[in-house]
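Here's the structure we're looking at; comments come further down.
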Amino acid sequence: MFFYRSDGASFALSVKTDAAEASVRLLDASLRACGEFAATVEAGEAVATVKPPRLGEYTAEWSDGQIQPLEFRSEPYFTAEDLRAYDPQLSDGITDADIAKVREHVEDVFDRASGTAFAPRGAYERHVGNGTNSIRPDHLAPCRVTKCLVDGAEFEGAAAYGWNVSFPAIISRGSIVELWLEYGYRIPPAALLHNALLYADAIVGQPATNPRATGQSGEFGYMQFSVAGKDGATGIPEVDAFLSSDEAAGGHGLKRLVVA
């Protein structure tokens with residue numbers, strides 16, 4: 001489940017339960033507890049309002065033993081209203097909950113295919129100090145360090161710089177460095193919304209023109225379209241070009257460093 005900071009700093013979690021009382025404990029990606037929240041129980045459903053301290057993945061542990069994985073993100077790539085405006089013919093049987101599931105799929109595909117995120121995401125990483133004052137994180141091109149521990153103690157001054165996280169002092173070789181990062185685009189590319197909606201509509205809608213088409217038969221024979229990108233993650237040339245790292249094709253994917 002994805003929840004978004006753009007919808008508010010807190011959100012409601014719910015589970016079906018047989019218990020008369022309930023609470024939920026929130027664990028971050030390091031499996032540290034970061035809050036416990038009381039729930040109301042009515043008609044066999046427990047509901048709690050939780051407030052994560054930062055972007056990232058969490059585990060909700062309910063007092064009756066149920067576990068819910070979730071992620072707190074900055075903002076969605078599109079809303080249900082965006083998709084309905086993009087495709088006015090979208091079936092009335094498609095609910096906002098259906099669109100939310102499609103959006104989660106779209107965001108996952110886009111992030112994996114591009115190697116980055118088109119809005120800030122949170123991540124937790126664990127590293128071993130190398131005797132220098134910088135570390136290259138697994139999530140490349142971080143935009144912000146939200147928390148840092150070195151050997152379990154708070155460490156101030158860690159900052160994202162280019163492809164690395166830099167520290168104001170040397171980190172001893174063998175020290176355990178824990179980083180909570182934000183990575184991805186601070187401001188989404190202008191073409192993100194169009195491409196996300198194009199892919200989503202291809203999944204849940206019935207577009208008049210097949211967006212995966214690379215040609216079309218007509219009165220004068222078969223016409224081959226001139227398209228950038230093909231055989232990519234979505235099968236839609238325009239979207240796959242956007243997700244690529246080829247700037248000439250309109251790509252916004254991450255350009256990875258090559259070390260000789």
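Every value quoted in this text rests on a predicted model; they were computed, and no experiment measured them.
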### Summary
For A249 and A241 the tightest heavy-atom approach is O-CB, 3.6 Å

### Message
So L149 and E154, do their side chains get closer than 4.5 Å, heavy atoms only?
### Response
yes

### Task
Could you tell me whether E36 and R25 have a side-chain N and a carboxylate O separated by less than 4.0 Å?
no

### Query
Does atom CD1 of I187 have more than 12 heavy-atom neighbours, drawn from other residues, nucleotides or ligands, at distances under 6.0 Å?
no

### Query
Are a donor atom and an acceptor atom from the side chains of Y77 and D111 found within less than 3.5 Å of each other?
yes

### Query
So, for A19 and V41, which heavy atoms are closest and what is the spacing to 0.1 Å?
O-CG1, 3.4 Å

## Note on the structure
Heavy-atom closest pair (A39 atom, A48 atom, distance to 0.1 Å) is CB-CB, 3.8 Å

### Query
Transitively linked via ILVMFWY side-chain contacts under 4.5 Å: V15 with V50?
yes

### Message
Let me check something: do F37 and L70 share a hydrophobic cluster, defined by ILVMFWY side-chain heavy atoms less than 4.5 Å apart, either directly or through other members?
### Response
yes

### Query
Is V109 linked to L198 within one hydrophobic cluster, defined over Ile, Leu, Val, Met, Phe, Trp and Tyr using a side-chain heavy-atom separation of less than 4.5 Å?
yes

### Query
Is a side-chain donor-acceptor pair under 3.5 Å present for Q89 with D87?
no

### Message
If you apply the rule side chain to side chain contact (heavy atoms under 4.5 Å, CB included), what do you find for V47 with L13, and how did you get there?
### Response
CA-CA 6 Å; V47 179; L13 284 181; over 6 Å; no

### Message
Contact between P189 and F242 at the side-chain level, heavy atoms closer than 4.5 Å - yes or no?
### Response
yes

### Nearest non-hydrogen partners of D240 and A233, listed with the distance
OD1-N, 3.3 Å

### E61/V24 under side chain to side chain contact (heavy atoms under 4.5 Å, CB included): CA gap, chis, key distance, verdict
CA-CA 5 Å; E61 290 187 342; V24 62; 5.7 Å; no

### Task
Flag the pair H252 / F118 as yes when their ring centroid distance falls below 6.0 Å, and as no otherwise.
no

#### Entry: E21, CD: over 12 other non-hydrogen atoms inside 6.0 angstrom
no

### Task
Step by step, work out the side chain to side chain contact (heavy atoms under 4.5 Å, CB included) result for Y199 and F110.
CA-CA 10 Å; Y199 182 39; F110 273 37; 3.7 Å; yes

### Message
The test is side chain to side chain contact (heavy atoms under 4.5 Å, CB included); show your working for T17 and W62 and say whether it passes.
### Response
CA-CA 10 Å; T17 184; W62 289 87; over 6 Å; no

Which atom pairs, one a donor and one an acceptor, fall under 3.5 Å between side chains of residues 190-197 and the rest of the protein, sequence neighbours left out?
residue : atom : partner : partner atom : Å
H194    : NE2  : E238    : OE2          : 2.8
N195    : ND2  : A191    : O            : 2.8

### Query
Does the cation-pi check pass for R73 over F2, that is, NZ or CZ under 6.0 Å from the six-membered ring centre and within 45° of its axis?
yes

### Query
Could you walk me through whether E42 and K16 pass the salt bridge (Lys or Arg N to Asp or Glu O under 4.0 Å) check?
CA-CA 10 Å; E42 186 174 342; K16 298 295 184 182; over 6 Å; no

### Query
Heavy-atom distance under 4.5 Å between the side chains of P69 and Y58, does that happen here?
no

### Query
Under 3.5 Å, is there a donor-acceptor pair between the S134 and N164 side chains?
no

### Task
Give a yes or no on whether a salt bridge exists between R121 and E57, defined as a side-chain N under 4.0 angstrom from a carboxylate O.
no

### Message
Measuring only between side-chain heavy atoms, which start at C-beta, is L55 closer than 4.5 Å to S74?
### Response
yes

### Query
Would F155 and Y124 show up in the same hydrophobic cluster when neighbours are defined by side-chain heavy atoms closer than 4.5 Å?
no

### Message
Show the nearest heavy-atom pair for residues P237 and G235, with the distance to one decimal.
### Response
CD-O, 3.5 Å

### Query
Taking atom types as modelled and ignoring hydrogens, do the side chains of D28 and S30 form a donor-acceptor contact shorter than 3.5 angstrom?
yes

### Message
Does any part of the side chain of V150, heavy atoms only, come nearer than 4.5 Å to the side chain of I171, both counted from C-beta?
### Response
yes

### Query
Going only through I, L, V, M, F, W and Y residues with side-chain contacts under 4.5 Å, is there a path from F72 to V145?
no

### Query
Aromatic rings F3 and F11: how do their planes relate, parallel, tilted or perpendicular, breaks at 30° and 60°?
parallel

### Query
Will you find, in the side chains of T132 and N130, an N or O donor that is under 3.5 Å from an N or O acceptor?
yes

### Query
So which heavy atom on L179 is nearest to which on C148, and how close?
CD2-SG, 3.8 Å

### Query
Would you call R84 and D92 a salt bridge, taking side-chain N to carboxylate O under 4.0 Å as the test?
no

### Task
Measure the shortest side-chain to side-chain distance between I203 and H105 over non-hydrogen atoms and say whether it is less than 4.5 angstrom.
yes

#### Entry: Residues which pass salt bridge (Lys or Arg N to Asp or Glu O under 4.0 Å) with R32, listed by chain and number, not counting sequence neighbours
E178

### Message
Less than 4.5 Å apart, side chain to side chain, heavy atoms only: is that true for V128 and I176?
### Response
yes

### Query
Does a salt bridge link K147 with E125, judged by any charged N lying under 4.0 Å from a carboxylate O?
no

### Task
Quick one: pull up CG in L243 and CD1 in I236 and give me the separation to the nearest 0.5 Å.
10.0 Å

### Message
Just so I know, are the side chains of L181 and P137 near enough to count as touching, which here means a heavy-atom distance under 4.5 Å?
### Response
yes

